[in-house]
Protein chains: 2
Amino acid sequence: MPETRRITSADVARRAGVSRATVSYVLNATPGQSISPATRDRVLRAAAGLGYAPSAAARTLRTGRSDVVLCLLPDWPIGNEVGNLLGNLSTALAREGLTFVAHPGSRADRPIAEIWKAITPAAVLSFTDFSDDETEAMRAAGVALVVALLGRAGRHGRELEVPQQLVGRRQAEHLVGTGHARLGYAYPDDPRLRIFADPRLAGVRAALGRQPVVETVPLDAEPAAEAVRRWQAAGVTGVCAYNDEVALAVLAGARTLSLTGLAVIGVDDIPAARLAVPPLTTVTTDQRTLATHLATTVVAAVSGRPAPMLPTADLIRVVTRESA
Amino acid sequence: MPETRRITSADVARRAGVSRATVSYVLNATPGQSISPATRDRVLRAAAGLGYAPSAAARTLRTGRSDVVLCLLPDWPIGNEVGNLLGNLSTALAREGLTFVAHPGSRADRPIAEIWKAITPAAVLSFTDFSDDETEAMRAAGVALVVALLGRAGRHGRELEVPQQLVGRRQAEHLVGTGHARLGYAYPDDPRLRIFADPRLAGVRAALGRQPVVETVPLDAEPAAEAVRRWQAAGVTGVCAYNDEVALAVLAGARTLSLTGLAVIGVDDIPAARLAVPPLTTVTTDQRTLATHLATTVVAAVSGRPAPMLPTADLIRVVTRESA
DNA sequence: CTGTTAGCGCATTCAC
DNA sequence: GTGAATGCGCTAACAG
């Protein structure tokens, strides 16, 4: 096994008969440098011939920033939809020459500073908000963009907050449109989900013009049945659920009471939704569009350009099945 | 906003009145170097006082390896269980001072070399196998460990392969134990899942002593009903499903045929399983134990120690509900 | 023993 | 177009 020494820009320079600086200028197409096409060509050819690839570590050291975009995952269980979003985001960022990685694990485990310090990322995304200190520290360390995908309004990351509200709106609109006037909202049991649930609930309220009857629904038939009973007592005929799983719980609760006719609408369109009894009507987000937008935002920030607007037109759709 | 210059080991050295080398020796507790407690203390104090943190980039450049463990995610949809495993893995590796990150996105999008070159990881994990060339390239680049979590037997990553077989075994054992002699296997529709499905099926076969009646089951009630019909014709009374979603499809198919009494057992215990009609019996893996083991394996490899054995004893459990 | 000097690892970029 | 400095930490060789 031959000790394969790394190929460095010096090797390329030697082979092309130029200096390392020139190699750098050519390979990075540095603006404001005039390099003759002939030299340019020699360098390119030499680099290709040697199979040269710049050392990411050296580049990071020098520029103070890598080509990696770090996403801090929340500590609540991530499902298919989030997985999907991450995949699309990764693809979209790859098109821009950025490498996307996600870090799972709660902040409690480990201060987030340790994580970004280990990566020296160009940008950091997070589902939950950063503290001002954290934001400041990252900025100071050269991280170009720090975005919370969800969080207090009026901050950096309104990009994804609006869609969450829209999700709730669409649910309510669908139910109202099919003749339900008194609506319930099935709120998730897990407090960590509040960050998603609150804007969705707000969307329902906005579309409805008043507060729906909110019940917290655990993912279990018995307690869900309790909630359904209370809804019944309140005259509720249609329920917007936080997501499909909660919606399935509502369905299970209604079944426990042998109650039919309660309209239920979920969010996400997980595989189990179409297989439920009855098949679950739900709302989906166009993850691809969202991911592309997010990627564009990141790229814009990294290169100092202004961020684009999110096209909210067809972003969220209702998948109508039998449950509502 | 004061231009906060980065604090380097030179700053610490200056403040402690020693050379940078000494700082390095103290902070890394380099063996074979004897440094007086007094000096040691001064350095430590200076470092703490300054809030010094070594530059990961410089360290990576110098040592040729970062403290990051990169996990290449498969291109098939990742669900809660995988998300869970990743979280646990991250926690376990953090305890060892390693930073875990995952890269979603298919290999088709981007050659995997680009990804690890951007990270310079200490180790790379993957669900699917690496080609020999890829493995070799990573090794040559200084990646300490390259593990495929699943893949051809007899290679590096038997760690997780065994559990997959065990999953199938447990399913079959449960069904056989409850009086079912003729078993069916509900194989997933998505070809990308074969890598998980094949070992599970093999486990069922092993436990059963012969091949079960295999049917491919899409996540849709109609086609699932077809499969159920064929199982009926073959005298099958119990079905092991690839996972809970496929199991739900089988249940939906049986319902379409108004057939009751077909025993079905899934894998994963997703939230929807307990809410199904009937509640789904399923098999779960102790992700925490698995993650800890994996983390230990990684750490062992990075530091050149031998890998531990996976404790398979209570790793996989049957969650009995009404479907089987 | 203690601790230092010197130079490496690589790419980027300023000044000539 | 080039030489030399820079970013930061690690470590072999060496002096006190």
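Letters go in sequence order (proteins before strands), and every chain restarts at 1.
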Chemist: Provide, to the nearest angstrom, the distance between the CG atom belonging to A:D67 and the C1' atom belonging to C:dC10.
Modeler: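 After rounding, the gap between these two atoms is 15 Å.
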Chemist: Looking only at side-chain atoms of B:L61, point me to the closest of D:dG3, C:dC10, D:dT11.
Modeler: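 From the listed options, C:dC10 comes nearest.
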Chemist: Find the distance A:D11:CG to C:dG9:C1' and express it as a whole number of Å.
Modeler: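 Rounded to the whole Å, the gap is 13 Å.
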Chemist: Is any side-chain heavy atom of B:L125 closer than 4.5 Å to one of B:L89?
Modeler: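 Heavy-atom side-chain distance check passes, below 4.5 Å.
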Chemist: Heavy atoms under 4.0 Å, any strand shown: does A:V23 hit a base, just sugar-phosphate, or nothing?
Modeler: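 Nothing, no heavy atom under 4.0 Å.
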Chemist: Whole angstrom is fine here: how far is it from CZ in A:R6 over to P in C:dG9?
Modeler: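 Rounded to whole Å, this separation is 12 Å.
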Chemist: How would you label the contact of B:T30 with the nucleic acid (heavy atoms, under 4.0 Å): base, sugar-phosphate, or nothing?
Modeler: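 If one applies the 4.0 Å heavy-atom cut-off, B:T30 turns out to touch nothing in the nucleic acid.
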Chemist: C:dT12, C:dC10, D:dT2: which one has an atom nearest the side-chain heavy atoms of A:T8?
Modeler: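 Nearest nucleotide to the side chain: C:dC10.
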Chemist: Would you mind checking if B:R45 and B:D41 are paired as a salt bridge, meaning a charged N to carboxylate O distance below 4.0 Å?
Modeler: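 Yes, this pair counts.
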Chemist: Take the protein atom CZ of B:R65 and the nucleotide atom C1' of C:dC10, then report the distance between them rounded to whole Å.
Modeler: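 Between C1' of C:dC10 and CZ of B:R65: 18 Å.
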Chemist: Choose from C:dT2, D:dC8, D:dC10 the nucleotide whose nearest atom is closest to any side-chain atom of B:S34.
Modeler: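 From the listed options, C:dT2 comes nearest.
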Chemist: CG of B:L50 versus P of D:dC8: gap in Å, rounded?
Modeler: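 Whole-Å distance recorded here is 14 Å.
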Chemist: Between A:Q33 (CD) and C:dA15 (P), how many Å, whole number?
Modeler: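 Rounding to the nearest Å, CD of A:Q33 and P of C:dA15 are 13 Å apart.
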Chemist: What's the closest nucleotide to the side chain of A:A21 if the choices are C:dC8, D:dA4, C:dG3?
Modeler: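 Ranking C:dC8, D:dA4, C:dG3 by closest atom to the A:A21 side chain puts D:dA4 first.
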Chemist: Should A:I115 and B:V101 count as side-chain neighbours, where that means a heavy-atom distance under 4.5 Å?
Modeler: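 A side-chain contact is absent here, since even the closest heavy-atom pair is not under 4.5 Å.
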Chemist: So, do A:T30 and A:Q33 sit near enough that their side-chain heavy atoms are less than 4.5 Å apart?
Modeler: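 Yes, close enough: below the 4.5 Å cut-off.
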Chemist: Is the distance from OP1 or OP2 of C:dT4 to the nearest side-chain N or O of B:T22 less than 4.0 Å?
Modeler: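 The answer is yes; a side-chain N or O of B:T22 sits under 4.0 Å from OP1 or OP2.
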Chemist: Between atom CZ in A:R40 and atom C1' in D:dT2, what is the gap in whole Å?
Modeler: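 Rounded to the whole Å, the gap is 19 Å.
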Chemist: B:G17 or A:S55: which one's nearest nucleotide on DNA chain C is closer to the 5' end?
Modeler: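 Checking each residue's closest nucleotide, the 5'-ward one belongs to B:G17.
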Chemist: Counting side-chain heavy atoms from C-beta on, which of C:dG3, C:dT12, C:dA15 comes nearest to A:Y25?
Modeler: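 Of the options given, the side chain of A:Y25 lies nearest C:dA15.
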Chemist: Per the atom types in the model, does the base of C:dC8 pair as donor or acceptor with the side chain of B:R62 at under 3.5 Å?
Modeler: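 Flag set: donor-acceptor pair detected.
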Chemist: Which one, D:dT2, C:dT12, D:dC8, comes nearest to the side chain of A:S24?
Modeler: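 The answer is C:dT12, which lies nearest to the side chain.
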Chemist: Measure the distance from CZ on A:R14 to C1' on D:dT2 and round it to the nearest whole Å.
Modeler: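 One finds 16 Å between C1' of D:dT2 and CZ of A:R14, rounded.
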Chemist: Taking the side chain as every heavy atom from C-beta outward, state whether A:V124 and A:F130 have any pair of such atoms under 4.5 Å apart.
Modeler: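 Yes, at least one pair of side-chain atoms sits under 4.5 Å.
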